[in-house]
**Q** 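After the structure tokens below, expect a handful of questions from me.
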Amino acid sequence: MDYFPLFLDLRAQPCLIVGGGEVALRKAGLLQAAGAQLTLVAPGLVEPLAARVATGEYAHHARTWRRGDEAGMRLVIAATDDAQTNAAVYAACEAAGILVNAVDDPDHCRFIVPAIIDRSPLVLAIGTGGNVPVLARLLRSRLEAWLPHGYGALARLAGSWRERVKARLGDPLQRRRFWEGTLEGPIAERALAGDLAGAEHALESTLMAYDGEAATQGAVYLVGAGPGNPDLLTFRALRLMQRADVVLYDNLVSAPILELVRRDAQRIYVGKKASNHALPQQDINRLLVQLARQGKTVLRLKGGDPFIFGRGGEEIEELAAAGIPFEVVPGITSAAGASCYAGIPLTHRDHAQSVTFVTGHRRADQIELDWPRLTSTTETVVIYMGVAQVPHICEQLIAHGRAPATPAAVVEKATLPQQRTLIGTLATLPGQIAAAGIKPPALIIIGSVVTLAERLDWRKDRAT
Ligand code: SAH
């Protein structure tokens with residue numbers, strides 16, 4: 001190990017920055033965030049630094065550095081654009097035993113500043129020993145994306161309970177188990193989702209009831225997996241996929257998305273093709289309750305958004321009735337996916353002022369659509385589950401007054417590499433769909449916005 005990592009408490013500590021440019025500005029921001037009492041030495045300052053000096057946040061000596069400026073400082077950063085000055089600052093600090101860093105000059109650094117991810121009080125620091133700062137920054141952006149933003153709040157909450165947990169649970173091993181259960185389970189998830197009061201309440205009751213065994217309270221996460229392309233998952237969805245004990249998924253959830261579920265999670269296919277449900281809805285609802293009661297973290301993974309033609313509402317009504325904690329995570333609904341990936345904006349100032357999502361699914365052998373409502377020429381209509389019924393749908397729209405020449409498109413397997421888009425009119429689309437053998441999942445988009453695809457379909461010229 002070339003450098004010893006540590007976290008330094010700089011609150012109210014005198015710190016010096018030599019220099020007044022952009023680099024000094026960045027370092028000043030960091031030191032200020034850590035509560036340091038900051039002095040700048042530089043003949044001139046960039047505007048934001050000057051402003052902070054004016055408000056009294058920093059002290060400033062408007063001149064070049066002199067030996068002796070370092071006296072009494074905890075930490076000094078040399079950030080001038082003159083290598084000689086920086087080296088002289090370094091030498092003076094070394095002689096006085098003061099921590100010193102000359103920016104971008106590893107030979108003149110007693111300490112180096114890592115790339116950091118700030119979820120205060122949780123802070124991650126990454127260093128490459130001054131070898132490849134770019135690598136540290138790349139890693140940082142990956143970790144930034146991976147680490148939920150709520151971790152800071154969770155750490156603060158845990159910190160505020162530390163003493164009370166210690167008083168209640170004398171045995172260190174028992175305490176560790178308690179914290180492991182808390183930081184991995186539904187309590188943490190609540191805090192990460194922003195419900196701190198709920199998390200605190202749950203923490204308190206879990207602590208009071210704690211009997212040494214990891215308290216197992218299950219929870220159900222109803223998660224939208226988007227239209228199929230794994231790049232379109234939300235961070236929250238991905239995180240829950242990697243935490244679940246058991247996953248219930250249906251046929252809209254694509255294989256590459258299932259790949260991202262935790263390896264040892266149990267997977268249960270609950271199907272859902274138009275007429276051939278692998279599990280009746282009632283049984284799915286009941287299974288969710290049962291699994292959660294066993295203390296499991298249950299992920300109900302659904303295509304698109306769980307609250308758009310996904311029966312998500314029905315599934316959680318049952319959970320709510322059974323008193324099981326649950327959370328709903330939105331997903332990109334397939335209409336949004338198909339729209340973007342086919343270059344068909346659903347609204348457009350010149351074409352459509354509103355958009356309606358309807359289902360073409362039959363119930364008791366009837367499509368229950370309010371046809372007269374769907375005939376406005378300034379409205380886009382998106383039909384989910386409509387492929388099988390497309391001749392009937394187009395016929396009815398025409399019969400109720402939409403022009404046969406109204407542009408219409410079908411987008412099959414939207415956002416996936418196999419996506420196919422056909423463009424036609426209400427009069428031609430049924431024939432085109434039959435001829436091309438389009439199969440679900442596919443969406444039908446009707447309205448004048450469809451004509452924009454000719455110019456806006458950014459995927460058209462791809463090699464794939
Ligand atoms: N909750 C889902 C919809 C479920 S209903 C959502 O928000 O998208 C199932 C219908 O969604 C399918 O019949 C099809 O019309 C549509 N659908 C889902 N994924 C699709 C995809 N990748 N491409 C096209 N249509 C899709």
Side-chain angles (χ1 to χ4, degrees), residues 221-234 236-237 248-258 269-279 281 284 299-316 328-344 346 355-363 367-369 374 380-394 408-423 429-430 432-433 436-446 450 453 457 459 464:
Y221 300 93
L222 179 62
V223 175
N229 182 330
D231 282 347
L232 300 178
L233 284 170
T234 60
R236 184 88 185 124
L248 282 73
Y249 66 99
D250 46 51
N251 59 302
L252 279 179
V253 177
S254 67
I257 286 181
L258 274 181
Y269 175 67
V270 294
K272 213 178 254 184
K273 293 230 170 87
S275 52
N276 165 30
H277 288 197
L279 258 194
Q281 189 65 49
I284 299 179
L299 188 75
R300 174 68 176 106
L301 201 54
K302 295 177 92 71
D305 181 272
F307 278 180
I308 294 184
F309 304 128
R311 303 196 186 184
E314 296 169 41
E315 295 182 7
I316 56 177
V328 187
V329 179
I332 293 181
T333 191
S334 49
S339 152
C340 291
Y341 276 62
I344 304 174
L346 296 180
V355 51
T356 302
F357 295 170
V358 296
T359 164
H361 188 54
R362 279 189 312 182
R363 205 161 173 168
I367 308 185
E368 304 156 338
L369 285 180
L374 304 178
T380 307
V381 177
V382 182
I383 302 166
Y384 288 68
M385 296 176 273
V387 174
Q389 303 303 319
V390 74
H392 179 65
I393 291 169
C394 291
V410 66
V411 188
E412 181 192 49
K413 296 201 167 56
T415 77
L416 294 167
Q418 313 90 310
Q419 173 178 323
R420 285 198 292 173
T421 308
L422 303 179
I423 308 258
L429 196 67
Q432 289 170 285
I433 286 180
I438 297 283
K439 298 207 172 48
L443 280 168
I444 297 159
I445 307 179
I446 295 164
V450 168
D457 184 356
R459 300 175 82 255
T464 53

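In listed order, ligands and their atoms are each counted from 1. Start at 1 with the first residue, then count along the sequence. Because only heavy atoms are used, hydrogens play no part in the values below, and waters and symmetry mates are left out as well, while side chains stay in.
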**Q** Among all the protein's non-hydrogen atoms, which is closest to atom 2 (C) of ligand 1, and how far away is it?
**A** G303 O, 3.2 Å
**Q** Could you report the tightest heavy-atom contact between I332 and G337, atom names first, then the distance?
**A** CG2-N, 3.9 Å
**Q** Taking only heavy atoms of T333 into account, list the atoms of ligand 1 that are under 4.0 Å away from them.
**A** 6 (C), 7 (O), 8 (O)
**Q** Can you figure out which of F309, F307, F357 has its heavy atom closest to atom 4 (C) of ligand 1?
**A** F309
**Q** Is it the case that the side chain of K302 and the backbone of G310 share a donor-acceptor pair, with hydrogens and angles ignored and the cut-off at 3.5 Å?
**A** yes
**Q** Please report the closest heavy-atom contact between P227 and L232, naming both atoms and the distance.
**A** CG-CD1, 4.0 Å
**Q** Hey, which atoms in ligand 1 end up nearer than 4.0 Å to a heavy atom of V411?
**A** 24 (C)
**Q** Run down the list L252, I308, D250 and name the one with the heavy atom closest to atom 9 (C) of ligand 1.
**A** L252
**Q** Counting N and O atoms only, with roles assigned by atom type, does the side chain of E314 sit under 3.5 Å from a partner on the main chain of Q281, one being a donor and the other an acceptor?
**A** no
**Q** Consider every N or O of G304 and every N or O of ligand 1, then say whether any pair is closer than 3.5 Å.
**A** no
**Q** Looking only at distances, can you tell me whether any N or O atom of G228, backbone or side chain, sits closer than 3.5 Å to an N or O atom of ligand 1?
**A** no
**Q** Using modelled atom types only, decide if a donor and an acceptor are shared between the side chain of E412 and the backbone of K439 within a distance under 3.5 Å.
**A** yes
**Q** Provide, to 0.1 Å, the distance between atom 20 (C) of ligand 1 and the closest protein heavy atom, together with that atom's residue and name.
**A** S334 CB, 3.5 Å
**Q** Give yes if a backbone or side-chain nitrogen or oxygen of T415 is under 3.5 Å from a nitrogen or oxygen of ligand 1, and no if not.
**A** no
**Q** Are any of the N/O atoms in P227 less than 3.5 Å from those in ligand 1?
**A** yes
**Q** Between S254 and G228, is there a donor-acceptor pair closer than 3.5 Å when you use the side chain of the first and the backbone of the second?
**A** yes
**Q** Is a donor on one side and an acceptor on the other found under 3.5 Å between the side chain of T234 and the backbone of A237?
**A** yes
**Q** One residue to check: L416. Relative to ligand 1, which of side chain, backbone, both or neither has a non-hydrogen atom less than 4.0 Å away?
**A** neither
**Q** Should the pair D250-R300 be classified as a salt bridge under the 4.0 Å nitrogen-to-oxygen rule?
**A** yes
**Q** Could an N or O of ligand 1 be found under 3.5 Å from any N or O of A414, whether backbone or side chain?
**A** yes
**Q** Look only at the side chain of N229 and the backbone of T415, and say whether a donor-acceptor pair between them is shorter than 3.5 Å.
**A** yes
**Q** Near K413, which atoms of ligand 1 are under 4.0 Å from a heavy atom of that residue?
**A** 22 (N), 23 (N)
**Q** Tell me whether ligand 1 is touched by A338 - counting only heavy atoms on the residue side and a distance under 4.0 Å.
**A** no
**Q** Is it the case that T333 and Y384 place a side-chain donor and acceptor less than 3.5 Å from each other?
**A** yes
**Q** Below 3.5 angstrom, do we get any N/O pair linking M385 and ligand 1?
**A** yes
**Q** Nearest protein heavy-atom contact for atom 14 (C) of ligand 1: which residue, which atom, what distance?
**A** A442 O, 3.4 Å
**Q** Checking side-chain contact (heavy atoms from CB on, under 4.5 Å) against T380, which of V450, I344, V355 comes through?
**A** V355
**Q** Do any N/O atoms on P440 end up under 3.5 angstrom from N/O atoms on ligand 1?
**A** no
**Q** Which bit of K302 is near ligand 1, meaning a heavy atom under 4.0 Å away: side chain, backbone, both or neither?
**A** neither
**Q** With only distance considered, is Y384 within less than 3.5 Å of ligand 1 through an N or O on each side?
**A** no
**Q** Side chain of E315, backbone of I284: donor and acceptor closer than 3.5 Å?
**A** no
